[in-house]
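Quick note: residue numbers are just sequence positions, from 1.
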Amino acid sequence: QVQVVESGGGSVQAGGSLRLSCAASNPAYIRYCMGWFRRAPGKEREGVALIDFNGNDRYTDAVKGRFAISRDGAKNTLYLQMDSLKAEDTAVYYCAAGGYIDCPEGAAGAWATSARFNYWGQGTQVTVSS
């Protein structure tokens, strides 16, 4: 069993920035496909960003150009830099790991239900006020 822990959430005004961090109890998992997801009030959990073993990243259309996923191998930490935040970005954000080299194919709508993500964190709240 791998424990995943997110941090860095908070409250910010629209247009502001936050950086989320994610650590895993088995640091090796950070090097493989990792993902950030979010669940807004009353909505299903959705994929936000993925990064695979080779560092290739993908984003859901709603955050392209504003969010950036990255990892620091030396610190065994995954990040999500969120800029130009909007009220509609308000959600609980989750980090997920699975130990796979490749990330799920297809549209972001399918990422959250992919079997490639076996380990999920408890989430961190991000609130953006307009």
Test applied, side chain to side chain contact (heavy atoms under 4.5 Å, CB included); reference residue, C103; option that passes from I51, D57, L50: L50
SB check K64 D61 (cutoff 4.0 Å): yes
Spacing of CD belonging to Q125 relative to OG1 belonging to T90, to within rounding of 0.5 Å: 7.0 Å
Side-chain donor or acceptor of E6 paired with backbone N/O of G123 under 3.5 Å: yes
hydrophobic_cluster_shared for Y119 and L80, side chain cutoff 4.5 Å: no
Electrostatic pair R38-E46, nearest N-O below 4.0 angstrom: yes
Minimum heavy-atom distance between C33 and P104, given as atom pair plus value: SG-CD, 4.0 Å
Heavy-atom neighbours of R39 CZ exceed 12 at 6.0 Å: yes
Hydrophobic cluster membership, W111 vs Y79, 4.5 Å side-chain cutoff: no
Main-chain N/O of Y32 paired to R71 side chain as donor or acceptor, under 3.5 Å: yes
Parallel, tilted or perpendicular: ring planes of F117 versus F37, cut at 30 and 60 degrees: perpendicular
F67 atom CZ, neighbour heavy-atom count above 12 within 6.0 Å: yes
Considering all heavy atoms, the nearest L78-C95 contact: CD2-SG, 3.8 Å
Nearest non-hydrogen partners of C22 and M34, listed with the distance: SG-CE, 4.0 Å
Other residues, nucleotides, ligands: >12 heavy atoms within 6.0 Å of Q122 CD: no
Y93 to D89 - nearest heavy-atom pair and separation: OH-O, 2.6 Å
Atom pair OG (S130) and NZ (K86), whose distance is rounded to the nearest 0.5 Å: 13.0 Å
Contact summary for L20 and V126, nearest pair of heavy atoms: CD2-CG2, 4.1 Å
Expected output: side-chain T127 to main-chain S11 donor-acceptor under 3.5 Å: no
Separation between CZ of R66 and OG of S84, rounded to the nearest 0.5 Å: 7.0 Å
Hydrophobic cluster membership, W36 vs V4, 4.5 Å side-chain cutoff: no
Donor-acceptor contact present, side-chain T60 to main-chain A108, <3.5 Å: no
I30-V2 co-clustered via ILVMFWY side chain contacts under 4.5 Å: no
Side chain R31, main chain P27, donor-acceptor under 3.5 Å: no
Side-chain donor/acceptor of T77 to backbone N/O of K75, under 3.5 Å: yes
ILVMFWY network linking L18 to Y94, side-chain heavy atoms under 4.5 angstrom: no
Closest non-hydrogen atom pair between D52 and D102, with its separation: CB-CA, 4.5 Å
Donor on one side chain, acceptor on other, S17 and D83, under 3.5 Å: yes
